[in-house]
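The structure appears below as structure tokens.
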Amino acid sequence: MDDLAKRLCDAVQSRADEARDLLLELIRIPSTTGCEGPACDRVLEHCRQLSVDAEAVLAPPDLKQDPDYTFGEQDLTYEDRPNIVAHRRGAGGGRSLIVQSHLDVVPAQSWAEAFDPAVDGDLVVGRGACDAKGQVVAILLALHGLDDADVRLKADVQAQFVIDEEVGGNGALALIRQGYRADAAVILEGTNLQIHPANRGAIWFRLRVTGKSVHMGRAHEGVNAIEKTAALFPALREYERRIVAESAGQPLFERYDRPVQVNLGVMRAGDWPSTVAGEAILEGGVGFLPNKPMEAIKTELREVIEAGADEWTRAHFELDFPKLHNDAYADDPNHPAVAALAASCRDLGLASEVYGWNVSCDARLYHHRGKMPTIVVGPGSISDAHAAGEKIDFRQVVQAAQALALMCVEWCGKA
């Protein structure tokens, strides 16, 4: 590690305690999707301590008309929920960089406990610690390190703190539509500091089967929608076996035994125990790799249902995809941006490897819509995300900040 790298790492480490306090403060703000406004305000306020031009950017009014917009369980509005963008201006030349993470969190069963954070040794416990307020703090800590070490970069670094990730990435989509670009993008999620230039995709489906509702005393005259839907389960399980086989050995995903899946998640049917169910709705998800475009998954799923259905069901089912639709993506694992990040992690002595992530996140939008080489990395483990007792080892937050600061020098160039 050269003198500049050591100075940067020391500068980051020197602010670790105040960064941990900021993480605790952010966790106390219950920024579930749709309620991120106060957390956005706090991050914007904190950015004023940095050598950045920070702005609150509202989503464009036509965002919901975009084909990549994801609708959730509630109809969201965007008047008081801006994305926060902080520009650290470069001197000129070099290659620009976006570093991004999200401020929204999923709801918790125990509201008071989840948003009352605790410190247990090196662990910070609370909703959002790992997904993804620890990552937000890592970005801010990296920017502090660059300032404190008096590092001027050639190119701009653009820090983005977005809303709506948990729904499906609408905050990131808004910024990309509004023209925010760079020569590479690094998305912070809980990867245990592993480097992922590829992501699995995920799409949710909704299958509606209509039967014929009659009193149970005349059940032989009706058509039970529950039974018709259940009869499709073997075909869906066979489809899962097929896509698992087709995904075996895919580049960057070789280490996973089952990186793809078909999940049957929610079923609602009928309205009375003594009435033949006249309708059944099955909702589920399909995980898939970059070897299959999302449109192919839609087509295949419809074909599987039609092939597995009897004559009644083929004439009385509807299949749509109204919610989550995250495409898979893969970038070159040897891209210079990947190499710059990997070199920064090596300088810190981290055991960071380069491979695909069997999770989906905002990254695919920067790749597909933004046309940017895109990498996912960050502190914490995805297994802790959304979990009771969500936690992060704050030592990893500091390491992530150091790696980001070093990458900024490596990728953007020192002025």
Do the side-chain N and O atoms of Arg364 and Asn326 include a donor-acceptor pair separated by under 3.5 angstrom?
yes

Could you check whether any side-chain N or O of Thr191 sits under 3.5 Å from a backbone N or O of Gly378, counting only pairs where one atom can act as donor and the other as acceptor?
yes

Distance-only side-chain donor-acceptor flag, Tyr355 / Glu254, under 3.5 Å:
no

The test is salt bridge (Lys or Arg N to Asp or Glu O under 4.0 Å); show your working for Glu390 and Arg127 and say whether it passes.
CA-CA 6 Å; Glu390 182 177 342; Arg127 176 62 80 221; 2.9 Å; yes

Hey, does the side chain of Arg181 reach the backbone of Ile176 with a donor-acceptor pair shorter than 3.5 angstrom?
yes

Backbone N/O of Ala11 and side chain of Ser14: donor-acceptor pair under 3.5 Å:
yes

Just by distance, with hydrogens left out, do Gln160 and Tyr366 show a side-chain donor and acceptor under 3.5 Å apart?
yes

Test item: Trp312 side-chain N/O and Thr210 main-chain N/O as donor-acceptor pair under 3.5 Å
yes

Output yes when a side-chain donor or acceptor of Arg314 lies under 3.5 Å from a complementary backbone atom of Ala309, and no otherwise.
yes

Pairwise side-chain contact, Cys345 with Leu193, heavy-atom cut-off 4.5 Å (strictly under):
no

Walk me through it: do Leu123 and Ile392 pass the test side chain to side chain contact (heavy atoms under 4.5 Å, CB included)?
CA-CA 5 Å; Leu123 299 178; Ile392 197 166; over 6 Å; no

In terms of the angle between their ring planes, are Phe253 and Tyr256 parallel, tilted or perpendicular, with boundaries placed at 30° and 60°?
tilted

Ignoring hydrogens, what is the shortest heavy-atom contact between Ala185 and Met372? Give both atom names and the distance.
CB-SD, 4.4 Å

Testing the 3.5 Å rule here: is there a donor-acceptor pair between the side chains of His102 and Glu36?
no

For Asp150, I'd like to know if atom CG has over 12 heavy atoms of other residues, nucleotides or ligands within 6.0 Å.
no

Please test Arg7 against Asp148 for salt bridge (Lys or Arg N to Asp or Glu O under 4.0 Å), starting from the C-alpha separation and ending with a verdict.
CA-CA 9 Å; Arg7 193 166 82 248; Asp148 292 347; over 6 Å; no

Does the pair Arg242 and Glu246 meet the rule for a salt bridge (Lys or Arg N to Asp or Glu O under 4.0 Å), with working shown?
CA-CA 6 Å; Arg242 173 180 140 197; Glu246 291 172 348; 3.5 Å; yes

Would you say Lys212 has more than 12 foreign heavy atoms packed within less than 6.0 Å of its NZ?
no

State whether Asp53 and Arg89 are salt-bridged, where the test is any N-O pair (Lys NZ or Arg NE/NH1/NH2 against Asp/Glu carboxylate O) under 4.0 Å.
yes

Closest approach of Cys47 to Leu140 (non-hydrogen atoms, all atoms of both residues):
SG-CD2, 4.1 Å

Taking every non-hydrogen atom, the tightest pair across Leu252 and Pro197
CD1-CG, 4.4 Å

Hey, could you give me each pair passing side chain to side chain donor-acceptor pair (under 3.5 Å) that has a residue in residues 401-415? Not counting sequence neighbours.
none

Evaluate the side chain to side chain contact (heavy atoms under 4.5 Å, CB included) criterion for residues Val409 and Val151: first the C-alpha distance (whole Å), next the side-chain angles of each, then the deciding distance (0.1 Å), finally the verdict.
CA-CA 8 Å; Val409 175; Val151 176; 4.0 Å; yes

Please say whether more than 12 non-hydrogen atoms of neighbouring residues, nucleotides or ligands are located less than 6.0 Å from CD in Gln109.
no

Report yes or no: do His386 and Asp131 form a side-chain donor-acceptor pair below 3.5 Å?
yes

Within the distance-only criterion (no hydrogens, no angle test), does the side chain of Asp122 pair as donor or acceptor with the backbone N or O of Arg395 below 3.5 angstrom?
no

Return the OH to CG distance between Tyr69 and Asp164, rounded to the nearest 0.5 Å.
5.5 Å

Within the 4.5 Å heavy-atom criterion, are Thr32 and Val106 side-chain neighbours or not?
no

Does the side chain of Pro290 reach to within under 4.5 Å of the side chain of Gln250, using non-hydrogen atoms?
no

Tell me every residue that passes ring pair (Phe, Tyr, Trp, His ring centres under 6.0 Å) with His367, counting only those two or more places apart in sequence or in another chain.
Tyr329

Between Arg177 and Asp66, does at least one N-O distance fall below 4.0 Å, as a salt bridge requires?
yes

Should Lys391 and Asp120 count as an ion pair when the cut-off is N to O under 4.0 Å?
no

Could you tell me if Arg200 and Gln261 have a donor-acceptor pair between their side chains, going purely by distance under 3.5 Å?
yes

Checking Ser96 against Asp183 for the side chain to side chain donor-acceptor pair (under 3.5 Å) test, could you report, in this order, the C-alpha distance in whole Å, the side-chain angles of both residues, the deciding distance, and whether it holds?
CA-CA 5 Å; Ser96 59; Asp183 293 314; 3.3 Å; yes

Return the minimal non-hydrogen interatomic distance between Asp75 and Lys64, and the atom names on each side.
OD1-NZ, 2.6 Å

What I'd like to find out is whether the side chain of Glu165 reaches to under 4.5 Å of the side chain of Cys361, using heavy atoms alone.
yes

Short question: side chain of Ser344, backbone of Met407 - any donor-acceptor pair under 3.5 Å?
yes

Given 3.5 Å as the limit, does a donor-acceptor pair link the side chain of Asp104 with the main chain of Glu166, or not?
yes

Are side-chain N/O atoms of Ser31 and Lys133 paired as donor and acceptor at under 3.5 Å?
yes

Side-chain contact test, heavy atoms from C-beta onward, threshold under 4.5 Å: evaluate it for Thr374 versus Asn199 and give yes or no.
no

Where is the tightest heavy-atom contact between Phe115 and Ile27, given as atom of each residue plus distance?
CD2-O, 3.2 Å

Are Leu264 and Arg237 close enough that some pair of their side-chain heavy atoms sits under 4.5 Å apart?
yes

What I want to check is whether the side chains of His144 and Glu18 have a donor and an acceptor closer together than 3.5 Å.
no

Using side chain to side chain contact (heavy atoms under 4.5 Å, CB included), reason through Leu404 and Val99 one step at a time and then give a plain yes or no.
CA-CA 8 Å; Leu404 274 183; Val99 289; 3.9 Å; yes

Check: Arg42 and Leu22 side chains under 4.5 Å, non-hydrogen atoms
yes

Is it the case that atom NZ in Lys154 sees more than 12 heavy atoms from other parts of the structure closer than 6.0 Å?
no

Please report the shortest heavy-atom distance between Leu348 and Gln399, naming the atom on each side.
CD1-O, 3.6 Å

Without swapping roles, check the side chain of Gln135 against the backbone of Pro379 for a donor-acceptor pair under 3.5 Å.
yes

Steps toward salt bridge (Lys or Arg N to Asp or Glu O under 4.0 Å) verdict (Arg206, Glu283)
CA-CA 4 Å; Arg206 181 175 62 189; Glu283 294 187 72; 5.7 Å; no

Under a 4.5 Å cut-off applied to non-hydrogen side-chain atoms, are His335 and Pro373 in contact?
yes

Phe205 vs Ile203, test: side chain to side chain contact (heavy atoms under 4.5 Å, CB included). Steps then yes/no.
CA-CA 7 Å; Phe205 65 86; Ile203 185 168; over 6 Å; no

For Asp2, does the CG atom have more than 12 heavy-atom neighbours from other residues, nucleotides or ligands under 6.0 Å away?
yes

Phe321 six-ring face occupied by Lys298 cation (under 6.0 Å, within 45°):
yes

Do the side-chain N and O atoms of Asn83 and Tyr180 include a donor-acceptor pair separated by under 3.5 angstrom?
no

Using only atom types and a distance under 3.5 Å, with no angle test, would you say the side chain of Glu189 pairs donor to acceptor with the backbone of Cys130?
no

